[in-house]
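What follows is a short report on a single structure.
Note that the structure is predicted; figures quoted are calculated from it, not measured.
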Amino acid sequence: MAYPFQEIETRWQRYWEENKVYKTDDNIDLNKPKFYVLDMFPYPSGAGLHVGHPEGYTATDIMARYKRMNGFNVLHPMGWDAFGLPAEQYAIETGTHPRITTEKNINRFRTQLKSLGFSYDWDRQVDTTDPNYYKWTQWIFIQLFKRGLAYLAEVPVNWCPALGTVLANEEVIDGKSERGGHPVYKRPMRQWMLKITAYAERLLEDLEGLDWPESTKEMQRNWIGKSEGAEVDFPVSGHENEKIRVFTTRPDTLFGATYMVLAPEHSLINKIVTNEYTEKVKKYRDSALQKSDLERTELQKEKTGVFTGSYAINPTNNELIPIWVADYVLISYGTGAIMAVPAHDQRDYEFATKFNLPIRQVISGGDITKEAFTGDGLVINSSNEAFTINGLSVDKAKVKITAWLQKKGIGEYKVNYKLRDWLFSRQRYWGEPFPVLHSEKGDIICIEGKDLPVKLPEIKDFKPRTAEESETDPLPPLSRAPKSWKYVEKDGVIYHREYNTMPQWAGYCWYYLRFIDPQNAHSLVDKHKEKYWMPVDLYVGGAEHSVLHLLYARFWHKVLYDIGVVSTKEPFSKLVHQGMILGETEFSVYYTKDGNAISSSFVTSDGCYNKTGEKLNKKKISEEDTIKIGDKIVLQNNQKIEVESRAYKMSKSRGNVVNPDHIVTGYGADSLRLYEMFMGPLKDMKSWSMKGVEGVHRFLNRVWRLFIDENENKILGNITTAEPDTLQLKTLHQVIKKVTCDIENMQFNTAIAALMIFVNEANKWEKKSRDVLESFLLILNPFAPHITEELWQRIGNKDTIAAHRWPKYNENYLKEDTKEIVIQINGKLRATMQTPADEADNKKYIENQALSIEAIKSRIEDKSILRVISVPGKLVNIVVK
């Protein structure tokens, strides 16, 4: 009989769960090394898992099983990031309470994960929507508030009145909401903010010691955006007490500032705009507020702006320079105002050229009649009666002019960050309530710890209030909660609760700590447990979380470090991003309207024939209709026609989503796990292939037949307890060494290839050593836990394979008796020879042996030997004439 995976896998999953095989006890031997391995917190959607999810989960599971077998205490938990917009949106559309939807989705995800045999400690699962969990999210917020790191402010947000909520920048496309296509407006609103900027320098500095992908660290550096320069005050002509403060990284170009630009949201605009320009400025600002930050700062877009009618005074030369409003300046960066130096900044140059504004060169070099000069040079045209930086290099000019600004009291050296404080409010129901109370006087007090958690109230109408006007204030769903929840009396004063909720990021910021001590009712985490388990040794998840989640989690962790809750400065010491799994490769042929096939190499990116410009018809074909010749794929029946082969991201619209349940049902969980690790390096993007799934399934059947007589359904009679021979020991210890090294380096695809080679060799053995086969099962177990458990029992063991130690390889069995040496004549391969291993590095020996071989002697007998070149242990090259 073939490998009966359906019966075996469910039985072993039940055994592991009933016997809590993978439970991490609280009372562990603290003298043993620890390994905390973590998957990024999944959001349990109604769609369930797709085959991209198990890729990272399988990788962490292999590491967890391997480390357990090597004597580590392992923490390998799973939980649910379950607050957020998707569940609430579904609730709004269907009338189903989000808690019901969330519980249903969690149950589906958990069932799917268990069907894949992951060794999670399910007693430690956490759920961000559980009041016992978000009690501590609220507690962390209170600590932030007490330290001045959480505050209320009027800030510009993306307000969508039709949806009744604030949207993130990435949820706005062309000034409209991604969901529904409704108009979105920039407007100031009262929001909770977290002062992440106070930690900017530490977030930047502490990246250096982390074992993270360099690309991820660079993305965080860019997001934080540290820059050094000067803040300078430009007085506003005719407005004695008004100044425009700008931050510039190029104070050396101050003499070249010929106009100023304010962001459309800048508060000074209303004070300085003249009557003549009031209407134009208002119209422009309203238009700009409907654009996303990305649209406004796009380099290729045409520059737009409007004059305010007022002028600033350049403090270096007392020139009056016009003040403009333009949407390429953002209020969220720097001070929301810039000094424009068009001769040395391309954006400013394009703006000045369009609106006929002066362009003054202050750095030598380039041709500013054609474009801005942004290279290095010496400073020119930069002096006044008391001060000059002419003739200095850029670096020296920056230092000198910054000192002059400080001395004059009109500027100062400044380190600035692109990072902005974290907007922490949502006008939604399905989120953590804020643990604060507001008085009528505007005072804010925190809820006492004994009164936590502040639970979400039960309300029937959890829809946000929609409106048609951009000025309409939001009325969050919690404002419709019962009065008994909304109002609280403290010391004779009536307070009302906060009606906004926290964003989905909140519970995601610290969940790794709760896994350490999930049942603790008295503190966020026990200090002794935290000190043992932290930091997370391996964190695996998608690169799409490279900035926000990882940055926010690092920020919260540093605050918790400062107040003594955690003992490490950073939460995740090693980070790995798994590559995306694309759908199966699709094969297509292009045809003209006359039905003539065109090779894909002649097709443009927009599907046209590059010789005529004709729009071509694209037709999908089966892989069986193609053949690969060299590096090209062509039609089977017309090999002159190249076929387009391409894999796409999985999506419902393309119909290429692969459901892991179908793979488990048809091939088994071990096949899915093995295939996803065998596809290629974990970090690479890869294409799905059912042929690949079938291939690893055949491998598992070969493993089964290595042990089991399929006719009798029992252990093969040629498996013996006799001592293994030299060949078997060598083959075994080779694979142990290879798999051990590859797992340590997370090179799972090559480890699996080595396991396949072993099975091919072992199937040739007339007699098979039980000891050798048991060692093989141990190193296969992290990859395919179900089949190895079954065969471990069938071969005569009573306990679970998970309780056994990882086998060690012995170098004595890996020594080679002989080595193969390549022999060349004038660089061309002419023969090979076997030499004793202990003589292979002896140059004189291998050269003499090579010259004595008959096949070589016959080729050089009538030639003169010019020299003999040898590489010890590898080759001998005889140069002749």
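Of all heavy-atom pairs spanning Ile516 and Arg124, the tightest one is O-NH1, 2.9 Å.
By the 4.5 Å heavy-atom criterion applied to side chains, Val126 and Asp130 are not counted as neighbours. With a 4.5 Å cut-off on side-chain heavy atoms, Val37 and Phe72 do not count as touching. Side-chain contact between Val540 and Leu38: absent, with no pair of heavy atoms (C-beta onward) separated by less than 4.5 Å. At least one side-chain heavy atom of Lys558 sits less than 4.5 Å from a side-chain heavy atom of Glu570. Using a 4.5 Å cut-off on side-chain heavy atoms (C-beta onward), Trp139 and Val565 make contact.
The cationic group of Arg65 lies under 6.0 Å from the six-membered ring centre of Trp16 and within 45° of the ring axis, placing it in a cation-pi geometry.
Between Tyr552 and Trp505, the ring planes are perpendicular. Angles over 60° get that label, and only those under 30° would be called parallel. Taking the six-membered ring where the residue is Trp, Trp533 and Tyr36 present perpendicular rings, their angle passing 60° and hence far from 30°. The aromatic rings of His50 and His53 sit tilted, their planes meeting at an angle between 30° and 60°. The aromatic rings of Trp765 and Phe758 sit perpendicular, their planes meeting at an angle over 60°, well past the 30° parallel limit. Between Tyr508 and His549, the angle of the ring planes stays under 30°, which puts this pair in the parallel group of the 30/60° scheme. Between Phe424 and Phe141, the two ring planes are parallel [angle under 30°; tilted spans 30° to 60°].
Within a 6.0 Å radius of CH2 in Trp122, other residues, nucleotides and ligands contribute more than 12 heavy atoms. The local environment of NZ in Lys569 is sparse, with at most 12 non-hydrogen atoms from other residues, nucleotides or ligands closer than 6.0 Å.
With hydrogens and angles left out, the side-chain atoms of His786 and Gln13 include a donor and acceptor closer than 3.5 Å. Judged by distance alone, the side chains of Asp127 and Thr129 do bring a donor and an acceptor atom under 3.5 Å apart. Donor-acceptor pairing under 3.5 Å is lacking for the side chains of His733 and Asn810. Side-chain atoms of Asn701 and Arg698 form no donor-acceptor pair, as typed in the model, at a separation below 3.5 Å. For the residue pair Glu530 / Ser567, a side-chain donor-acceptor distance below 3.5 Å is found, with atom types taken as modelled.
Glu676 has no carboxylate O lying under 4.0 Å from a charged side-chain N of Lys686, or vice versa, which leaves the two without a salt bridge.
Only one option out of His76, Lys67, Met63 pairs with Leu538 in a side chain to side chain contact (heavy atoms under 4.5 Å, CB included); it is Met63.
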